[in-house]
Structures are given as structure tokens and as C-alpha cells.
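Quick notes on the structure that follows.
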Amino acid sequence: MARAKPRAARVERIVVENARVKTFMFDLELEAEPGQFIMLWLPGVDEKPFTLSYMPKVGVSVARVGAFTQRLHEIREGEMLGIRGPYGRGFSLSSSDADVCLVAGGVGAAALAPLAETLKASGAKITTVLGAKSASEILFENRFLACGEVLVCTDDGSKGRRGSATALFSKLLESRDFDAVYACGPELMIYEVARLCEERGIKMQAAVERYMKCGIGICGSCVLNGRRVCVEGPVFDGKTLLMSEEFASVRRERSGRLTRVQ
Ligand SMILES: Cc1cc2nc3c(=O)[nH]c(=O)nc-3n(C[C@H](O)[C@H](O)[C@H](O)COP(=O)(O)OP(=O)(O)OC[C@H]3O[C@@H](n4cnc5c(N)ncnc54)[C@H](O)[C@@H]3O)c2cc1C
Ligand code: FES
């Protein structure tokens, strides 16, 4: 299987996952761990990071949020794109973690679905808290259901419990304990999940996002309190994130300007 060498890959299949997200499956296999990402190059447009939502057969699941992702959503099966990677540190797993919880918010489910499948293969009991703004934005519910119990919540109450993934996770902790918790989603959600785990002494890891340009530790655009998210992350443990003053507080835009995390 291929490793980090840049290569051209053909989009074999495009799956419309929900109102905002499409999955792009490529004619390429990569050795990768859940939580690692690739840099995807759209010729003439830009290059951006995306978590591998499928592996070893490469797939990425992309929410349409701005110019690059809008253009990506317009491409057709058969087109060629550039891929570099996989990059970064994925989730580190321990065979002694028998009862685990995944907390996914929105497109964050893209990083956790392959993790759920890896954990299931190792025999772990998996509970997933799957949150989205509304029923039409829930991602990979069937993949998580194939791995264990799934508790759905939506901000508008259109499916599952009304409210945030954090609120549902907090409620769950009143009756359950876990060996480990893995999260991916909005930064404020990850912060709160890390805080709840820290209070209870539960091991926690999360995949985080920062603006990336090079993806290989050279440009410094992704730095989070001195740590290059593209190399030392994107997966960090909860303690590290809670100690990081910038996490869930400020992020660097493309220009380098710092803006508040919403
Ligand atoms: C390691 C990593 C893995 C990622 N995996 C995925 C994935 O699996 N699926 C997916 O849809 N997206 C993922 N992203 C985010 C993705 O790279 C951005 O959504 C994409 O760059 C947006 O490009 P754009 O030109 O469409 O939007 P832009 O015009 O760049 O941005 C539109 C809006 O999204 C915000 N935004 C842009 N980039 C980020 C970011 N990195 N984090 C948070 N907000 C951002 C901007 O502030 C702006 O408000 C990942 C990012 C990183 C760093
Ligand atoms: S993206 Fe350049 S150092 Fe991380």
C-alpha cells in the first residue's frame, strides 16, 4: 500500500451522505490510523486537510462550508485530484479499554466512524453519542449502529434527544463509566467533553482542527500553544487540550490573524 508520497487519485464514487456532506472514494489505498488526515489538492483552487473517513481504501467526507468545499462538491466521478499523506498522529488505542464512548458532533463523525470500526474489531463495547444540528445533518448513524449502541441528539429536536452532544454525554455519565472516551466535533464541544472526563478521571482523546497550509510541520499556521497540530496532532489527549490556553478560545485564520472560537 502507498505511503506519504504525493499522487494523483481518481474519484471512483461520490456518496451524498446528508444535506451538507458528500463522501469522495478514491482509487487508492493508504496505510493509515483512524484520526489521521490527508491534504487534498484541487488543481487551480487550493489544497486542504481532510480526515480519512474510510481506510485503507481512501475516502473523505466533506461538509460544504466555503469556496474550496463548494468546488469539491461540484466535481464528478472519474475526475483526478491530488493527495498527500496520511499525516499526523491518529488515535492511540489500548487493548485494555473494553468499554468506550465516542462523542461526535456534526462532520466530526467522519473521524470517529473508522475508529468505531477498528475498536469493534478489537472486541470493545462501544457507545456513540451522535450529535448534529438537525436530523438531515446526522452523519454515519448506520456505521456507528453496526458497532454498538448509538444515542442521537439534535439541536432542533428533529431526531433523538433535543440538545447538544455534550448535554447528552453529561447525562450518560450519571449512570455509566467508561475506560476511554474519544471525541471529534466543534471545539467547544470537545473542550466540555474533555472537562467532564477530567473531573471523573476518564482517559480522553480528541481530533482537533486548525488552519493548515503545509500539513507537514513547516509553515506554523496550525500551531496551538506551541504544538503543530499537523505533526503532534490532530489527535491530542484531553489533559493537553485543557492546558492549552488557545484551545476553545482562539484560532488562526489563513492570514495568520487570531479570531475567537465560536
Ligand atoms: C486535520 C483536519 C481534518 C479535517 N477534516 C475534515 C473532514 O473530514 N471533513 C470536513 O468537512 N472538514 C474537515 N476539515 C476542515 C476542512 O479542512 C475545512 O472545512 C476546509 O478547509 C474549508 O475550506 P473552504 O475553502 O471550503 O472554507 P473556508 O472559506 O476556508 O472556511 C469557511 C468557514 O469554515 C471555517 N473553517 C475553515 N477551515 C476550518 C478549520 N480547519 N476548522 C474550523 N473551521 C474552519 C472558516 O473559519 C470559515 O468560517 C479538517 C481540518 C483539519 C485541520
Ligand atoms: S500546517 Fe504547516 S506547520 Fe502545520
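Indexing begins at 1, ligand by ligand and atom by atom, following the structure's order. Bear in mind that the values here come from a model prediction, so they are computed numbers and not experimental data. Position 1 is the first residue of the sequence, and the numbers go up from there.
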| Backbone, side chain, both or neither: what part of C230 comes under 4.0 angstrom of ligand 1, heavy atoms only? | neither

| field | Region of I216 engaging ligand 2 - heavy atom pairs below 4.0 Å | value | neither

| Under 2.8 Å: N/O/S of C219 next to atom 2 (Fe) of ligand 2 | yes

| task | Consider every N or O of Q70 and every N or O of ligand 1, then say whether any pair is closer than 3.5 Å. | result | no

| Min N/O separation F37 to ligand 1 under 3.5 Å | no

| remark: Counting heavy atoms under 4.0 Å, the part of K213 that contacts ligand 2 is backbone

| query | Numbering the atoms of ligand 1 from 1, which are under 4.0 Å from a heavy atom of T69? | reply | 24 (P), 26 (O)

| note | Quick look: R64 vs ligand 1, heavy-atom contacts under 4.0 Å, and the answer is neither

| query | Closest non-hydrogen protein atom to atom 3 (S) of ligand 2, residue and atom name please, with distance? | reply | G220 N, 3.1 Å

| said: With heavy-atom distances below 4.0 Å as the criterion, list the atoms of ligand 1 near M212. | reply: 1 (C), 53 (C)

| query | Salt bridge or not for D155 and R162, using N-O below 4.0 Å? | reply | no

| Atom indices of ligand 1 within 4.0 angstrom of E253 heavy atoms, with elements | 47 (O)

| Near atom 2 (Fe) of ligand 2, is there an N/O/S atom from C214 that is less than 2.8 Å away? | yes

| task | Fit a plane to each ring of F68 and F50, take the angle between them on a 0 to 90° scale, and name the class: parallel (under 30°), tilted (30 to 60°) or perpendicular (over 60°). | result | parallel

| query | What protein heavy atom sits nearest atom 4 (Fe) of ligand 2, and how far away is it? | reply | C222 SG, 2.3 Å

| message | Please report whether ligand 1 has a polar contact with A63, defined as an N or O pair separated by less than 3.5 Å (distance criterion only). | response | yes

| Is there a donor-acceptor contact under 3.5 Å linking the side chains of Y211 and K48? | yes

| message | Considering F68, Y211, F50 one by one, which has a heavy atom nearer to atom 24 (P) of ligand 1 than any of the others? | response | F68

| message | Under 4.0 Å from a heavy atom of C230: which atoms of ligand 2 are those, numbered in the order shown and with their elements? | response | 1 (S), 3 (S), 4 (Fe)

| said: Among all protein heavy atoms in this structure, tell me which lies nearest to atom 1 (S) of ligand 2, with the distance rounded to 0.1 Å. | reply: G215 N, 3.2 Å

| Per-atom contacts, ligand 1 versus V62 - under 4.0 Å to a heavy atom | 11 (O)

